[in-house]
Amino acid sequence: MWKRGEALKRFKDIHKGERCFIIGTGPSLNKTNFSLIKDEIIFGVNTLYTGLEKFKLQCKYYAVSDYMVWENHYQHILNLDTILFLSSGAADLYLRSGRHIGDRQKAEVYIIHELERIWTAGDISKDITRGVYLGETIIIDICLQVAYYMGFDKVYLLGCDCDYSGLHRFDGSITDNIGGRGVLDDWSDIFYGYEICKRAFEADGREIINATVGGKLEVFKRERLEDIV
């Protein structure tokens, strides 16, 4: 019920020259007009599933790396009709769960090997069959590196608020990782990881654009969703 390694080659340049939207779980999602991207290719992450019906979204791809997110929400995530990428702690828990989970899943699951930290590597992974570098946010851990491997020309970020001063998530819940530095308002490592991603995309003539409503992520050029579509 799951695949890894060489099986990931099927995604190489599968969306070359296209665009996609990666949607986080920040409270800004409640200010976002999702009707504008109902026909776009969407990556969902973590607990976004709780808003899919509300926002009328269908995620072609989905990603989880945090073991706490997976432990608390795996039953709902596995029930999504999507291609699901898992790495790090989430992948470990899934693999240890055995058949009693795998036999009931709807999602098509792909396991990606965990490599070193992205700021140690100084680059993104250009070959996800080898693994992905980790950057303390699922957007870096999986989504941007997979999007690069898939060949997307433009990647737009939504709901990537990088701000826990108010609500943590759009649905009013708090982050599962309450010990993370984001709770202490320290996003420095994550912003550095985003800078590495930005350089990698731009070196190949591609672009990451932040379409989040507000928030503190200023690494990427900002565009309003209404102006994009």
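Values in this document were obtained by computation on a predicted structure and should not be read as measured data.
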Looking at every non-hydrogen atom in both residues, tell me the closest pair between [X] and [Y] and how far apart they are.
X	Y	result
Arg130	His113	O-CD2, 3.6 Å
Ala107	Leu84	CB-CB, 4.0 Å
Asn46	Ile77	O-CD1, 3.5 Å
Leu48	Gly24	CD1-O, 3.8 Å
Ala63	Ile138	O-CG1, 3.6 Å
Val45	Thr25	O-CG2, 3.8 Å

Rounded to the nearest 0.5 Å, what separation is found between the [atom1] atom of [X] and the [atom2] atom of [Y]?
X	Y	atom1	atom2	value
Gln145	Asp123	CD	CG	9.0 Å
His15	Asp153	NE2	CG	13.5 Å
Leu157	Ile209	CG	CD1	9.0 Å
Met150	Lys16	CE	NZ	14.5 Å
Tyr110	Leu86	OH	CG	12.5 Å
Cys59	Ile22	SG	CD1	11.5 Å

Tell me whether [X] contacts the main-chain N or O of [Y] through its side chain, where contact means a donor paired with an acceptor under 3.5 Å.
X	Y	value
His168	Thr175	yes
Arg169	Gly26	no
Ser125	Gly131	yes
Ser87	Ile112	no

Problem - Residue Lys9 excluded, over 12 heavy atoms near NZ under 6.0 Å - result: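 Counting neighbours around NZ of Lys9, 12 or fewer heavy atoms of other residues, nucleotides or ligands fall under 6.0 Å, so no.
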Practice task
Please lay out, stage by stage, how Trp2 and Glu108 fare under the test side chain to side chain contact (heavy atoms under 4.5 Å, CB included).
Solution key: CA-CA 7 Å; Trp2 56 272; Glu108 183 180 347; over 6 Å; no
Problem - Ring centers of Trp119, Phe191 separated by less than 6.0 Å - result: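 Trp119 vs Phe191: aromatic centres not under 6.0 Å.
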Sequence neighbours excluded, which residues qualify as salt bridge (charged side-chain N to carboxylate O under 4.0 Å, His left out) partners of [X]?
X	value
Asp13	none
Arg224	Glu226, Asp227
Glu116	none

Problem - Of all pairs that satisfy ring-ring contact (aromatic ring centres under 6.0 Å, His included), the ones with a partner from residues 203-225, not counting sequence neighbours - result: Tyr194-Phe220
Handout entry: Pairs involving residues 125-151, ordered by first then second residue, that meet ring-ring contact (aromatic ring centres under 6.0 Å, His included) (sequence neighbours left out)
Key = Tyr148-Phe201
Exercise for the section: Report the C-alpha distance between Tyr61 and Val146 in whole Å, list the side-chain angles of each, state the deciding distance to 0.1 Å, and finish with yes or no for side chain to side chain contact (heavy atoms under 4.5 Å, CB included). Expected result: CA-CA 10 Å; Tyr61 304 110; Val146 169; over 6 Å; no
Fill in the blank from the handout: Result for side-chain contact (heavy atoms from CB on, under 4.5 Å) between Trp70 and one of Asp92, Leu78, Asp176 points to Leu78
Any side-chain heavy-atom pair of [X] and [Y] under 4.5 Å:
X	Y	value
Ile142	Phe43	no
Ile118	Tyr192	no
Tyr62	Leu80	yes
Leu134	Ile140	no
Tyr94	Tyr74	no
Thr212	Leu217	no
Cys143	Val155	no
Phe85	Val132	no

Kindly work out whether a path of hydrophobic side-chain contacts (I/L/V/M/F/W/Y, heavy atoms less than 4.5 Å apart) joins [X] to [Y].
X	Y	answer
Leu115	Ile190	yes
Leu167	Ile23	no
Val213	Phe34	no

Exercise for the section: Apply side chain to side chain contact (heavy atoms under 4.5 Å, CB included) to the pair Phe21 and Leu225, showing each step before the final yes or no. Expected result: CA-CA 10 Å; Phe21 292 78; Leu225 188 58; 3.7 Å; yes
Handout entry: Set of side-chain hydrogen bond (donor to acceptor under 3.5 Å, both in side chains) partners for Arg222, sequence neighbours left out
Key =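 Glu218.
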Problem - side-chain hydrogen bond (donor to acceptor under 3.5 Å, both in side chains) partners for Asn33, two or more places apart - result: Ser35
Handout entry: side-chain hydrogen bond (donor to acceptor under 3.5 Å, both in side chains) assessment of Asp161 paired with Ser28
Key = CA-CA 7 Å; Asp161 297 37; Ser28 64; 2.7 Å; yes
Not counting sequence neighbours, list each pair that qualifies as a salt bridge (charged side-chain N to carboxylate O under 4.0 Å, His left out) and has a residue in [range].
range	answer
residues 201-217	Lys154-Glu207, Asp163-Lys216, Asp185-Lys216, Asp204-Arg206, Glu207-Lys221
residues 20-47	Arg19-Glu40
residues 59-88	none
residues 131-149	Glu136-Arg181

I'd like a table of donor-acceptor pairs (distance under 3.5 Å, sequence neighbours excluded) in which one partner is a side-chain atom from residues 49-56, with atom names and distances.
unit_1	atom_1	unit_2	atom_2	d
Tyr49	OH	His73	ND1	2.8
Thr50	OG1	Thr47	O	3.1
Thr50	OG1	Asp171	OD2	3.0
Lys54	NZ	Asn30	OD1	2.8

